[in-house]
Engineer: 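Structure in C-alpha cells, see below.
Counting convention: from 1, in listed order, for ligands and their atoms alike. Residues take their numbers from the sequence shown, with the count starting at 1. Predicted model, so just to flag it, every value in this text is computed and none were measured. Only this structure's heavy atoms are used, side chains among them; waters, hydrogens and symmetry mates stay out.
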Amino acid sequence: MQQTGEKSPNVFSLEEQFQAKIDNDVRIEPKDWMPESYRKTLIRQIGQHAHSEIVGMLPEGNWITRAPSLKRKAILLAKVQDEAGHGLYLYSAAETLGVGRDTMLEELHSGKAKYSSIFNYPTISWADIGAIGWLVDGAAILNQIPICRCSYGPYARAMVRVCKEESFHQRQGFEILLTLANGSPEQRAMAQDAINRWYWPAVMMFGPSDADSTHSAQSMQWKIKRFTNDELRQRFVDMIAEQVKVLGLTVPDPDLKWNEARGHYDFGPINWDEFWNVVKGNGPCNKQRLNARVKAWEDGAWVREAALAHAEKKAARAVQDREMQAA
Ligand code: FAQ
C-alpha cells in the first residue's frame, strides 16, 4: 500500500469494527475485543443489576415467616430463591468481563456500587408483597425484556431465563392483590395502601429522566440499552393504568389521564428529590439493607474459608496422586 499518511478506506480501526458488529446485531462475546469504556459500562450496569437482585431479596424475605398460608409461604420462598439465582447469574456474567465477585461485593458493602432505589422502602404489610410482585417485578420485566437483545452475549442470555421467572413473579403479586381487593374492607384498604406507597418508587425505578441520564446515549449506541428510561417508564405507566382497573383500585396520581393524541397515559410530576435522596443512601431502609448484606458476608466467612481449604486439599491430593502414578 502506498504510504500517503492518509487512511485507506478499507482499513477500519478496532473501534470501528466493534461498532459495525453492534450495528449489525452481532453479539459481543467475552474474548472479543471491546473498548475499555464498553467493558466498564457493562461491569457497572451488570454489577448494579446483580446487587439489586440480592438486596431485593430482603424486603420480601421479611414476610417469609409471616406469610398468611403454607401455599403463600411456599410461593414466596420460591420467588426469593429465584432472585438469589438471578443475582448469581448476573455476577457470573459480570465476571466474564474480568472483574472478580469479591471486588463487586466489596464495592456494594462500602457503598461505592449502587443497587436499585426501590429496595430501600419498607414492607410493612402482607399487601406489600403483592405490590412488589405486581409493580416492582412488572417494572423489572419491562426493563429487562429489551436486555435479552443486549449486545453483550452473556448478559443477554442470562436475561432470557430471568424474564421468564419475573413474569411468574408479577402474576403472583397481582393475584395477591386481587385476592385482597376482593376480600374484606380491611383487606381492600390494605391493598390500596400498599399500592399508594409502592407506585411512585416503582415509576422512579427506570432511572432519571432522559435529560438527566448520563449513560443512556452511549449505552443506546452500544445496544446495551434498547430504549431510554422515559420510554420504558411510559410503557410501565400505560400497563399499570389498565391493570389497576381489573383490581378495582387506583394509583396515587390525580394527573393520570389517557391522552388520545399521544396514544399514551399522561402522568403527574415525579419527585426527583426523593429519588436522588434514596440513591444517595438516605432512603427509609438504606442503612438497614446494607447492614444486612455486610452481616451476611461476615457471617459467611467460615463457609468461604472452609470451601477454599477443601479446594486446596483436593488440588494437593490430585498432585500427590499424579506423582504416585508417575513414580
Ligand atoms: N436506583 O445514566 P442513567 C429487579 C443511577 S432488578 C439507583 O440513566 P443507566 C428484580 C445510575 O446507576 C432492578 N440508581 O444510568 C427484582 C447512574 O449512576 P452511576 C434493577 C439508579 O445505567 C424484583 C445514574 O443513576 N434492574 O427489580 C437508578 O444508563 C423484585 C444515572 O442514571 C437493573 O439494574 C435506580 N433506580 O440506566 C428483584 C436493570 N436508576 O452508575 C427483587 C439493569 C439510575 O453512574 C425483587 N439496569 N440510577 O453512578 C439498567 O437497565 C440501567 O442501569 C438503569 C439505569 C435503567 C437502571
Engineer: Looking at non-hydrogen atoms alone, which of Leu135, Asp212, Asp137 comes nearest to atom 30 (C) of ligand 1?
Structural biologist: Asp137

Engineer: Cut-off 3.5 Å, side chains only: do Asp238 and His264 have a donor facing an acceptor?
Structural biologist: yes

Engineer: Looking only at protein heavy atoms, which one is nearest to atom 57 (C) of ligand 1, and how far off is it?
Structural biologist: Gln48 NE2, 3.8 Å

Engineer: Under 3.5 Å, is there a donor on one side chain and an acceptor on the other for Trp198 and Asp128?
Structural biologist: yes

Engineer: So which heavy atom in the protein is nearest atom 40 (N) of ligand 1, and how far is it from that ligand atom?
Structural biologist: Gly207 CA, 3.2 Å

Engineer: Within ligand 1, which atoms have a heavy atom of Ser116 less than 4.0 Å away?
Structural biologist: 1 (N), 13 (C), 20 (C), 36 (N)

Engineer: Run the salt bridge (charged side-chain N to carboxylate O under 4.0 Å, His left out) check on Asp137 and Lys79 step by step: do they pass?
Structural biologist: CA-CA 11 Å; Asp137 286 275; Lys79 180 184 191 288; 2.9 Å; yes

Engineer: Counting heavy atoms only, which of Glu166, Met159, Lys225, Met204 is nearest atom 37 (O) of ligand 1?
Structural biologist: Lys225

Engineer: Quick test: of every protein heavy atom, which one is nearest to atom 51 (O) of ligand 1, and how far off is it to 0.1 Å?
Structural biologist: Asn143 ND2, 3.0 Å

Engineer: For Glu166 and His169, which I'm curious about, is there any donor-acceptor pair between the side chains at under 3.5 Å?
Structural biologist: yes

Engineer: Provide, to 0.1 Å, the distance between atom 38 (C) of ligand 1 and the closest protein heavy atom, together with that atom's residue and name.
Structural biologist: Glu53 OE1, 3.4 Å

Engineer: So which heavy atom in the protein is nearest atom 41 (O) of ligand 1, and how far is it from that ligand atom?
Structural biologist: Arg44 NH1, 3.0 Å

Engineer: Return the CE to CG distance between Met190 and Leu180, rounded to the nearest 0.5 Å.
Structural biologist: 5.0 Å

Engineer: Which is closest to atom 6 (S) of ligand 1 in terms of heavy atoms, Gln144, Met57, Gln170?
Structural biologist: Gln144

Engineer: So if I count the atoms of ligand 1 from 1 in the order they appear, which ones are less than 4.0 Å from some heavy atom of Ser213?
Structural biologist: 2 (O), 3 (P), 8 (O)

Engineer: Just to be sure I'm reading this right: ignoring hydrogens, which of Phe206, Tyr115, Phe275 gets closest to atom 28 (C) of ligand 1? Compare them by their nearest heavy atoms.
Structural biologist: Phe275

Engineer: Can a protein heavy atom be found under 4.0 Å away from atom 46 (C) of ligand 1?
Structural biologist: yes

Engineer: Trp276 heavy atoms, cut-off 4.0 Å: which ligand 1 atoms fall inside?
Structural biologist: 25 (O)

Engineer: Considering only protein heavy atoms, which is closest to atom 31 (C) of ligand 1, and at what distance to one decimal place?
Structural biologist: Thr214 OG1, 3.5 Å

Engineer: Hey, which atoms in ligand 1 end up nearer than 4.0 Å to a heavy atom of Tyr155?
Structural biologist: 43 (C)

Engineer: Would you check whether Glu60 has a nitrogen or oxygen atom less than 3.5 angstrom from a nitrogen or oxygen atom of ligand 1?
Structural biologist: no

Engineer: Please could you name the atoms of ligand 1 that Phe119 approaches to less than 4.0 Å, counting only its heavy atoms?
Structural biologist: 4 (C), 16 (C), 23 (C), 27 (O), 30 (C), 38 (C), 42 (C), 46 (C)

Engineer: Does the side chain of Ser167 come under 3.5 Å of the side chain of Arg171 through a donor N or O and an acceptor N or O?
Structural biologist: yes

Engineer: State if His169 counts as touching ligand 1 under the rule of any non-hydrogen atom under 4.0 Å.
Structural biologist: no

Engineer: Geometry only, no angles: is Glu83 polar-contacting ligand 1 at N/O separations under 3.5 Å?
Structural biologist: no

Engineer: With a heavy-atom distance limit of 4.0 Å, tell me whether Leu232 approaches ligand 1 through its side chain, its backbone, both, or neither.
Structural biologist: neither

Engineer: Looking at ligand 1, does Phe227 have a heavy atom less than 4.0 Å from it?
Structural biologist: no

Engineer: Answer yes or no: is there an ion pair linking Glu107 with Lys114, defined by an N-O contact shorter than 4.0 Å?
Structural biologist: no

Engineer: Taking heavy atoms and a distance under 4.0 Å, where does Asn229 meet ligand 1: side chain, backbone, both or neither?
Structural biologist: side chain

Engineer: If you measure from the Lys or Arg side-chain nitrogens to the Asp or Glu carboxylate oxygens, is any gap between Glu36 and Lys40 under 4.0 Å?
Structural biologist: no

Engineer: Measure the distance from atom 49 (O) of ligand 1 to every protein heavy atom, then report the residue, atom name and distance (to 0.1 Å) of the closest one.
Structural biologist: Lys114 NZ, 2.5 Å

Engineer: May I ask whether Pro208 places a heavy atom under 4.0 Å from ligand 1?
Structural biologist: yes

Engineer: Any ion pair linking Arg226 and Asp25 (charged N to carboxylate O, less than 4.0 Å)?
Structural biologist: yes

Engineer: Centroid separation under 6.0 Å, is that true for the rings of His49 and Tyr115?
Structural biologist: no

Engineer: Answer yes when Asp32 and Lys21 have at least one side-chain N-carboxylate O distance shorter than 4.0 Å, and no when they do not.
Structural biologist: yes

Engineer: Between the side chains of Thr123 and Asn62, is a donor N or O closer than 3.5 angstrom to an acceptor N or O?
Structural biologist: yes

Engineer: In terms of hydrophobic clusters joined by side-chain contacts under 4.5 Å, are Ile141 and Met205 together?
Structural biologist: no

Engineer: Tell me which one of His215, Arg233, Gln45 gets a heavy atom nearest to atom 53 (O) of ligand 1.
Structural biologist: Gln45

Engineer: Return the option from Cys150, Gly56, Ser52, Ser117 holding the heavy atom at the smallest distance from atom 20 (C) of ligand 1.
Structural biologist: Ser52

Engineer: Before accepting this row, confirm whether a basic side-chain N of the pair Asp321/Arg317 lies closer than 4.0 Å to the acidic partner's carboxylate O.
Structural biologist: no

Engineer: Counting only heavy atoms not in Arg66, do more than 12 sit closer than 6.0 Å to its CZ atom?
Structural biologist: yes

Engineer: Lys79 to ligand 1: N or O pair under 3.5 Å?
Structural biologist: no

Engineer: What residue and heavy atom of the protein are closest to atom 4 (C) of ligand 1, and at what distance?
Structural biologist: Ala140 CB, 3.7 Å

Engineer: Report the distance from atom CZ of Arg235 to atom CZ of Phe227, rounding to the nearest 0.5 Å.
Structural biologist: 4.0 Å

